[in-house]
Amino acid sequence: QGSKLEIPMWLAKGLHDSKRRIISVELPKIYKEAWRTVFSADANVVDLHKMGPYYYGFGSQLLNFDNPENPEIAQTILQASTFISRFRRIMDSSQNAYNEDTSALVARLDELERALFRAGQKGLNDFQCWEKGQASQITASSLVQNYGKRKFTEMDG
């Protein structure tokens, strides 16, 4: 009793029982009030990858534990102070950084933000290929193709 251990999130979730109080979870520093204040001032200056490469995913998992700061954590993660303001900058950068070195920007992003950046750049590259007439032939998506096959199978039965 009273010992502090670092354990994986999956184990903490398994041991956490609000009735028996087997463990209590201490918030990592990036989710505490001091850092929430930094995010509310200017979320764009924070190096999320350095602080925790899965900031959004891990923070949402923390909400499963009984913590009086959960409403503030959820608001910081999801509201304009962090995700929305950073999202705008990420998408702007991904759309305006054609054939430029973006490694410095991407290095500071959480893994979710990196995936958004790559999706934005892929969209831009695909559009520019289409605009130059270099796009491949347009084809139906696999969802549409599978839907058509399923419809025909249902009609046969």
Side-chain angles (χ1 to χ4, degrees), residues 1-130 140-147 149-150:
Q1 185 173 351
S3 298
K4 287 188 177 186
L5 299 170
E6 285 192 25
I7 59 174
M9 176 64 84
W10 62 267
L11 182 57
K13 285 172 69 174
L15 292 173
H16 181 72
D17 183 351
S18 58
K19 294 177 183 141
R20 293 189 289 157
R21 298 280 178 194
I22 296 172
I23 66 166
S24 62
V25 176
E26 184 177 318
L27 289 177
K29 68 179 180 179
I30 188 101
Y31 300 100
K32 291 186 179 180
E33 185 177 356
W35 276 100
R36 290 195 307 263
T37 304
V38 171
F39 284 128
S40 64
D42 188 359
N44 289 315
V45 300
V46 179
D47 184 344
L48 277 187
H49 197 268
K50 181 180 171 186
M51 299 306 291
Y54 296 96
Y55 173 78
Y56 299 107
F58 190 77
S60 64
Q61 292 297 315
L62 283 175
L63 301 177
N64 292 315
F65 300 102
D66 301 327
N67 189 309
E69 295 183 57
N70 277 356
E72 291 85 7
I73 293 170
Q75 184 174 5
T76 301
I77 292 171
L78 301 173
Q79 298 302 320
S81 59
T82 308
F83 184 73
I84 294 172
S85 64
R86 289 176 66 99
F87 176 78
R88 287 184 185 130
R89 182 170 168 248
I90 291 164
M91 293 314 291
D92 283 348
S93 298
S94 73
Q95 297 298 295
N96 295 315
Y98 191 67
N99 289 333
E100 292 179 24
D101 182 18
T102 58
S103 57
L105 169 70
V106 174
R108 301 172 55 89
L109 303 179
D110 163 88
E111 290 300 318
L112 173 64
E113 294 172 333
R114 286 179 179 193
L116 290 170
F117 184 85
R118 285 190 300 268
Q121 285 218 305
K122 182 181 180 324
L124 176 63
N125 289 336
D126 291 350
F127 174 74
Q128 290 186 338
C129 284
W130 173 82
S141 77
S142 60
L143 287 173
V144 171
Q145 291 173 345
N146 290 338
Y147 179 75
K149 288 177 186 176
R150 191 174 65 225

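The first residue of the sequence shown is numbered 1, and numbering continues consecutively from there. Computed from heavy atoms alone, side chains included, the values below leave out hydrogens, waters and symmetry copies.
For Phe87, the CZ atom counts as loosely surrounded, since its 6.0 Å shell holds 12 or fewer non-hydrogen atoms of other residues, nucleotides or ligands. The local environment of NZ in Lys32 is crowded, with over 12 non-hydrogen atoms from other residues, nucleotides or ligands closer than 6.0 Å.
Side-chain atoms of Tyr31 and Glu69 form no donor-acceptor pair, as typed in the model, at a separation below 3.5 Å.
Checked against salt bridge (charged side-chain N to carboxylate O under 4.0 Å, His left out), Glu111 has the following partners two or more places apart in sequence or in another chain: Arg114. Under the salt bridge (charged side-chain N to carboxylate O under 4.0 Å, His left out) criterion, Arg108 pairs with no residue, sequence neighbours left out. Taking the ring-ring contact (aromatic ring centres under 6.0 Å, His included) definition, one finds that Phe117 meets it with nothing, sequence neighbours left out. Partners of Tyr54 according to the ring-ring contact (aromatic ring centres under 6.0 Å, His included) rule, which considers only residues two or more places apart in sequence or in another chain, do not exist here. Remark: Asn70 pairs with Leu63, Asn67, Ile73 by the side chain to side chain contact (heavy atoms under 4.5 Å, CB included) rule, at least two apart or across chains. In this structure, Glu72 has no side chain to side chain donor-acceptor pair (under 3.5 Å) partners at least two apart in sequence or on a different chain.
Counting heavy atoms from C-beta on, the side chains of Arg86 and Leu109 come closer than 4.5 Å. Proximity of Gln61 to Trp10: side-chain heavy atoms (C-beta onward) are nowhere separated by under 4.5 Å. When side chains are defined from C-beta on, His49 does not count as touching Val106, because their heavy atoms never get closer than 4.5 Å. Annotation: side chain of Phe83 is in contact with side chain of Leu112 (closest heavy-atom distance under 4.5 Å). Between Asn64 and His16, every side-chain heavy-atom pair lies at or beyond the 4.5 Å cut-off. Side-chain contact check for Thr76 versus Trp35: every heavy-atom pair is 4.5 Å or farther apart.
By the 4.0 Å N-to-carboxylate-O rule, Asp126 lies close enough to Lys122 to be salt-bridged with it.
Going from atom CG of Leu11 over to atom CG of Leu5 covers 9.5 Å, rounded to the nearest 0.5 Å. Residue Asn125 holds its CG atom at 13.5 Å from CZ of Arg118, rounded to the nearest 0.5 Å.
Heavy atoms only, all atoms of each residue included: Gly120 and Ser94 are closest at CA-OG, 3.5 Å. The two residues Asp47 and Ala107 make their nearest non-hydrogen contact at OD1-O, 3.8 Å. The shortest heavy-atom contact between Pro68 and Pro71 is O-CD, 3.6 Å. Minimum heavy-atom separation, Leu105 to Ser93: CD2-CB, 3.3 Å.
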Full working for side-chain contact (heavy atoms from CB on, under 4.5 Å) between Tyr56 and Glu113: CA-CA 9 Å; Tyr56 299 107; Glu113 294 172 333; 2.7 Å; yes

Worked verdict on Asp110 versus Met51 for side-chain contact (heavy atoms from CB on, under 4.5 Å): CA-CA 9 Å; Asp110 163 88; Met51 299 306 291; over 6 Å; no

